Amino acid sequence: MTAHTIDQLALYGPDRCEAMSVQDARRWCAQLAKNHYENFSVLTSVVPGDLRGDFAVVYAFCRWSDDLGDEVGDRARATDLLAWWRQELRMCFEGNPRHPVFVALQPTITQHALEMQPFADLISAFEMDQRVTRYQTWDELIGYCKLSANPVGRLVLGLFDELKGADASRKLKASDQICTALQLTNHIQDIKRDFLERDRIYVPREMINIDDFESRLRASAKQGFGIDQNFLGETRVVIRECVERTWKMFEDGGRLLD
């Protein structure tokens, strides 16, 4: 969890949540979006100026959800915090937001007629992270991505008011393909970090035909290169298959760009 979020939990957590005006809450979320490190820029010039505030508050929701799930350092505590966060989400959609993120988010929800389900699905994904650290099949992993990634694309489409026409279903399917592919790409590039820092492996076991995979992966990850020449070659085969499956999703989702 970022130091910023840790500090803010003391003021805006389950035990204490100070009131904040809508304007102040939206400025607070915009500051979070500008200052928090990501491997992509959240508020780029590609985002229309009149939507940057909305993007910032949706990002703030995602950032807090992610931090509550991933950065607490204790799965039981993370589960409790995510349950609290889900209750805050319900209060927001009932018209009684309390936490600054939801105070800022409510006008965006109203203006763009955003549904609760994508937000709830994201929380479910972070709750799942507390219970599941290994995936047996590719389909199981895709099921996780439906919760952890696809809702973000659906929310972005909602912010752009792209879900009101007859082709909304087509857009959603293409968006889901792109978002799942992006999530899989993230998992592929973060194998070392996920394993050493969070004891998670997102490569499905059905794809791994490597002796003593986890022990050899741990040794390789710690030293920063393959523990032996065979392991390097074997893992390249597995990762190539992951990449090829993921690339097909990028291609299938490409029609959304039209």
Side-chain angles (χ1 to χ4, degrees), residues 14 17 22 25-26 29 32-33 38 42 47 51 53-70 78-132 135 139-184 186-187 202 249 252-253 255-256:
C17 195
V22 173
R26 289 180 75 86
C29 289
L32 174 63
E38 293 291 348
V42 178
V47 179
L51 287 179
D54 296 317
F55 266 73
V57 298
V58 169
Y59 168 80
F61 168 83
C62 296
R63 181 72 270 146
W64 267 73
S65 302
D66 195 351
D67 282 354
L68 292 175
D70 266 358
T79 299
D80 290 342
L81 286 171
L82 289 167
W84 158 71
W85 196 240
R86 186 182 293 277
Q87 178 60 28
E88 294 289 332
L89 174 65
R90 282 194 291 265
M91 290 170 61
C92 177
F93 272 86
E94 290 168 359
N96 187 32
R98 192 176 70 111
H99 189 279
V101 166
F102 295 106
V103 172
L105 188 58
Q106 190 177 48
T108 296
I109 290 170
T110 301
Q111 180 179 351
H112 298 283
L114 300 180
E115 297 181 355
M116 182 176 172
Q117 195 61 52
F119 297 100
D121 283 347
L122 284 169
I123 296 175
S124 295
F126 296 121
E127 290 173 332
M128 189 173 177
D129 280 334
Q130 312 314 312
R131 306 186 306 270
V132 181
Y135 290 84
D139 287 344
E140 286 182 4
L141 181 59
I142 296 301
Y144 168 73
C145 293
K146 288 179 180 178
L147 297 174
S148 65
N150 297 4
V152 177
R154 290 173 174 241
L155 289 171
V156 169
L157 288 176
L159 293 180
F160 278 103
D161 297 323
E162 289 285 346
L163 299 179
K164 297 178 180 179
D167 61 345
S169 177
R170 177 188 65 82
K171 292 176 182 177
L172 284 172
K173 290 179 180 178
S175 173
D176 288 348
Q177 290 291 303
I178 291 175
C179 289
T180 290
L182 287 169
Q183 179 73 88
L184 292 170
N186 190 60
H187 290 327
Y202 290 101
M249 294 180 185
D252 291 343
R255 61 185 181 277
L256 179 66

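All heavy atoms count here, side chains included; hydrogens, waters and symmetry mates do not. Since the model is a prediction, treat every value here as computed from it, not as a measurement. The first residue in the sequence is number 1, and the count goes up from there.
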Would Leu114 and Leu159 count as a side-chain contact (heavy atoms from CB on, under 4.5 Å) if you check the C-alpha gap in whole Å, the side-chain angles of each, and the deciding distance to 0.1 Å? CA-CA 8 Å; Leu114 300 180; Leu159 293 180; 4.1 Å; yes
Check [X] against [Y] and note the closest heavy-atom contact, atom names and distance.
{"X": "Ser148", "Y": "Leu122", "value": "O-CD2, 3.5 Å"}
{"X": "Ser124", "Y": "Leu147", "value": "CB-CD1, 4.3 Å"}
{"X": "Leu89", "Y": "Ala120", "value": "CD2-N, 3.7 Å"}
{"X": "Ala149", "Y": "Gln183", "value": "CB-CB, 3.5 Å"}
{"X": "Leu163", "Y": "Gly158", "value": "CD1-N, 4.0 Å"}
{"X": "Ala78", "Y": "Leu68", "value": "CB-O, 3.4 Å"}

Are there over 12 heavy-atom neighbours, none belonging to Gln130, within less than 6.0 Å of that residue's CD? yes
Any chance you could measure [X], atom [atom1], to [Y], atom [atom2], to the nearest 0.5 Å?
{"X": "Ile123", "Y": "Asp66", "atom1": "CD1", "atom2": "CG", "answer": "12.0 Å"}
{"X": "Asp161", "Y": "Leu51", "atom1": "CG", "atom2": "CG", "answer": "8.0 Å"}
{"X": "Leu155", "Y": "Gln117", "atom1": "CG", "atom2": "CD", "answer": "11.0 Å"}
{"X": "Ser65", "Y": "Asp70", "atom1": "OG", "atom2": "CG", "answer": "11.0 Å"}
{"X": "Ile109", "Y": "Cys92", "atom1": "CD1", "atom2": "SG", "answer": "4.0 Å"}

Which residues satisfy the side-chain contact (heavy atoms from CB on, under 4.5 Å) test with Arg154, sequence neighbours excluded?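 Partners of Arg154 under the side-chain contact (heavy atoms from CB on, under 4.5 Å) test: Leu172, Asp176.
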Report the residues that fulfil side-chain contact (heavy atoms from CB on, under 4.5 Å) with Lys146, sequence neighbours left out, ordered by chain and then residue number. Ile142, Asn150
Between Phe160 and Lys171, does the side-chain contact (heavy atoms from CB on, under 4.5 Å) criterion hold? Intermediate values first, please. CA-CA 12 Å; Phe160 278 103; Lys171 292 176 182 177; over 6 Å; no
Sequence neighbours left out, what pairs pass side-chain hydrogen bond (donor to acceptor under 3.5 Å, both in side chains) with at least one residue falling in residues 96-109? Arg26-Thr108, Asp54-Thr108, Glu88-Arg98
Would you say the side chain of [Y] lies within less than 4.5 Å of the side chain of [X], judging by non-hydrogen atoms?
{"X": "Leu184", "Y": "Leu141", "value": "yes"}
{"X": "Val57", "Y": "Phe102", "value": "no"}
{"X": "Val132", "Y": "Tyr144", "value": "no"}

Students often mix this up, so state it plainly: with edges at 30° and 60°, are the rings of Phe61 and Phe119 parallel, tilted or perpendicular? perpendicular
Ring centre gap for Phe126 and Trp64 strictly below 6.0 Å: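 Distance test on ring centres: not under 6.0 Å, no.
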